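One structure is given here, and the rest of the page talks about it.
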Amino acid sequence: MRSIVHNYDKAVFGSNMHAMMYAYANQLPLFYSSLQGKPRSFEFFDPQYSFSNLLKNDVLCNNEIKTYGIKKINLWHSLALIHSMEGLMPLGNNATSARLDDEGLLKIITLNSRTLILKINHLYLFEENVEGLPETTKINNEGIIYDYFQFNSLNEHKTMFINTDEPFVNQIYINKKNGVVVTKVDELEAEVPDYAIKFRVLELAKQYNIKGRQNGIYHYKKELKIPRFLKLDLRFNKREIIKTKLNEYKNQNNLTFMQPTDMIEHQLIQEIQPNRLWNLLRSPHSKKKTIFSM
């Protein structure tokens, strides 16, 4: 049986926020083989940016209420929904792997083990999770390590951010008993031991008055009823490693590798305009700001 080849002039490959915005802004079909690049629920845009029907957020950060922009995941979902309804995300989340062959065809394997063959005159790549890329001329290993953890016991369930200026533990996002440690590194292959991260998280938790469950009161001066607390502890659940900078490759006329930069993000945000379908799908919200949740 002859395989059907689907022809596109231009297309986008990648699941991250930049790929989604670029595809939406330029009305290009979008393909990806993994949702690893999808924004996390605790990632926000700069508060200077606003979008129709999407709210900014008030967040407890380092024990102060600060205003953040909209959640990136909310914009991602809005763009994905509209893009799908316009027929520009033909596979949705059904792809499992992708490969560029020697003839320049993009072959994508779906969840039901079928192969979709695409002939694309020009492909814009925002991610590298596709086999058959051209020869690498420079390796870039910058990335982000996400360590997900859970406090074993807490006296008070807080929802907050902790930002640091340290090179090791950059940010901590806590939602009740769950949390995520964000570590930005120049070399993903360098060892980042979880026990060292655990000790630093516990130090920062103590600094920001996050305590274990209350365990009675101290026996001296009982009349003062001074509470005592169990020792705070946590356990790690999983680690995710995300590469944030693409390698450099030999030039090919039909491929453009799109490096994720703040400049590109700023430019793409300016190009995102809610269309008629956006306004029909989303009912207006109130102006009230919300506290984030994971």
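What you see is a predicted model, and the numbers here were worked out from it, not measured in a lab.
Annotation: side chain of L81 is not in contact with side chain of H77 (no heavy-atom distance under 4.5 Å). When side chains are defined from C-beta on, L79 counts as touching M17, because their heavy atoms get closer than 4.5 Å. Put simply, the side chain of M21 reaches to within 4.5 Å of the side chain of L75, judged on heavy atoms. A 4.5 Å side-chain heavy-atom check between I242 and R40 finds at least one atom pair inside the cut-off. Using a 4.5 Å heavy-atom threshold, the side chains of I197 and F149 count as separate.
Aromatic rings of F126 and Y124 (six-membered ring for Trp) have centroids beyond the 6.0 Å cut-off, not under it.
Relative ring orientation between Y148 and Y146 is described as tilted, the plane-to-plane angle lying within the 30° to 60° band. Ring-plane geometry between H83 and Y24 is classed as tilted, the angle between the planes lying from 30 to 60 degrees on a 0 to 90 degree scale. Classification of the F45-Y49 ring pair by plane angle, with boundaries at 30° and 60°, yields perpendicular.
The CE atom of M258 sits 5.0 Å away from atom CD1 of I264, with the distance rounded to the nearest 0.5 Å. Remark: L204 CG to Q171 CD distance equals 12.0 Å, nearest 0.5 Å. Atom CG in L116 sits 11.5 Å away from atom NZ in K107 (nearest 0.5 Å). One distance of note links NE2 of H18 with CD of E265; it measures 4.0 Å at 0.5 Å rounding. Between atom CG of residue L91 and atom CD1 of residue I109 there is a gap of 10.5 Å, rounded to the nearest 0.5 Å. Note that CD1 of I241 and CD1 of I145 are 5.5 Å apart. Values are rounded to the nearest 0.5 Å.
Taking a 6.0 Å sphere around CZ of F199, one finds it holds 12 or fewer heavy atoms contributed by other residues, nucleotides or ligands. The environment of D262 atom CG is sparse: at most 12 non-hydrogen atoms of other residues, nucleotides or ligands sit within 6.0 angstrom. The number of heavy atoms from other shown groups lying within 6.0 Å of CG (N253) does not exceed 12.
Under the 3.5 Å distance criterion, the side-chain polar atoms of D46 are matched with a main-chain donor or acceptor of Q48. A distance-only check finds no donor-acceptor pair linking the side chain of W76 to the backbone of K71 [under 3.5 Å]. Under the 3.5 Å distance criterion, the side-chain polar atoms of T110 are left unmatched by any main-chain donor or acceptor of N94. Judged by distance alone, with hydrogens and angles left aside, the side-chain atoms of T137 form a donor-acceptor pair with the main-chain N or O of E248 at under 3.5 Å. Here the side chain of N62 pairs a donor or acceptor atom with the backbone of N163 at under 3.5 angstrom.
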Under 3.5 Å donor-acceptor pairs involving side-chain atoms of residues 230-238, not counting sequence neighbours:
| unit_1 | atom_1 | unit_2 | atom_2 | d |
| --- | --- | --- | --- | --- |
| D233 | OD1 | K198 | NZ | 3.2 |
| D233 | OD2 | N152 | ND2 | 3.4 |
| R235 | NH1 | N152 | OD1 | 3.3 |
| R235 | NH2 | Q150 | OE1 | 2.6 |
| K238 | NZ | E240 | OE2 | 3.4 |

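Inspection of the N170 and T183 side chains reveals no N or O donor paired with an N or O acceptor under 3.5 Å. A donor-acceptor contact under 3.5 angstrom links the side chains of N93 and Y32, judged on distance only. In summary, the side chains of S97 and E131 do not present any donor paired with an acceptor at a separation below 3.5 Å, with no hydrogens or angles considered.
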As a quick check of understanding, evaluate side-chain contact (heavy atoms from CB on, under 4.5 Å) for Q207 and T164, giving each step before the final call. CA-CA 12 Å; Q207 179 180 336; T164 76; over 6 Å; no
For I120 and F13, what are the C-alpha separation, side-chain angles and deciding distance, and is it a side-chain contact (heavy atoms from CB on, under 4.5 Å)? CA-CA 11 Å; I120 303 170; F13 186 90; over 6 Å; no
I'd like to know whether N63 forms a side-chain contact (heavy atoms from CB on, under 4.5 Å) with M160, so could you lay out the CA-CA distance, the side-chain angles of the two residues, the decisive distance to 0.1 Å, and finally the verdict. CA-CA 8 Å; N63 286 343; M160 64 181 296; 3.9 Å; yes
When you look at I144 and V182, which way does the side-chain contact (heavy atoms from CB on, under 4.5 Å) test go after all the steps? CA-CA 7 Å; I144 301 177; V182 178; 3.6 Å; yes
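Under the 4.5 Å side-chain heavy-atom criterion for Ile, Leu, Val, Met, Phe, Trp and Tyr, L123 and L88 are members of distinct hydrophobic clusters. Placement of I70 and I82 within a single hydrophobic cluster is found when ILVMFWY residues are connected by side-chain heavy-atom separations under 4.5 Å, directly or transitively. A chain of hydrophobic side-chain contacts below 4.5 Å, direct or via other Ile, Leu, Val, Met, Phe, Trp or Tyr residues, connects L100 to Y8. Neither L255 nor L30 shares a network with the other; the hydrophobic side chains, linked directly or stepwise wherever heavy atoms of I, L, V, M, F, W or Y lie under 4.5 Å apart, form separate groups for each. V12 and L118 sit in two unconnected hydrophobic clusters of ILVMFWY residues. Membership requires side-chain heavy atoms under 4.5 Å apart, directly or through other members.
In summary, of the residues considered (E187, E142, E128, E189), a salt bridge (charged side-chain N to carboxylate O under 4.0 Å, His left out) with K243 occurs for E128 alone.
Across all non-hydrogen atoms, the minimal contact from L246 to N140 is O-ND2, 2.7 Å. P47 approaches T67 most closely through the heavy-atom pair CG-O, 3.7 Å. Of all the heavy atoms in L106 and A98, the pair that sits closest is CD1-CB, 4.2 Å. Minimum heavy-atom separation, S33 to N129: OG-O, 2.9 Å. Between P260 and T244, the shortest heavy-atom contact is CG-O, 2.8 Å. Smallest separation of non-hydrogen atoms from F161 and F42: CZ-O, 3.9 Å.
Salt-bridge formation is detected for the pair R200/E203: a Lys NZ or Arg NE/NH1/NH2 atom is positioned less than 4.0 Å from an Asp or Glu carboxylate oxygen. With respect to the salt-bridge test (charged N to carboxylate O, under 4.0 angstrom), the residues E135 and K250 qualify.
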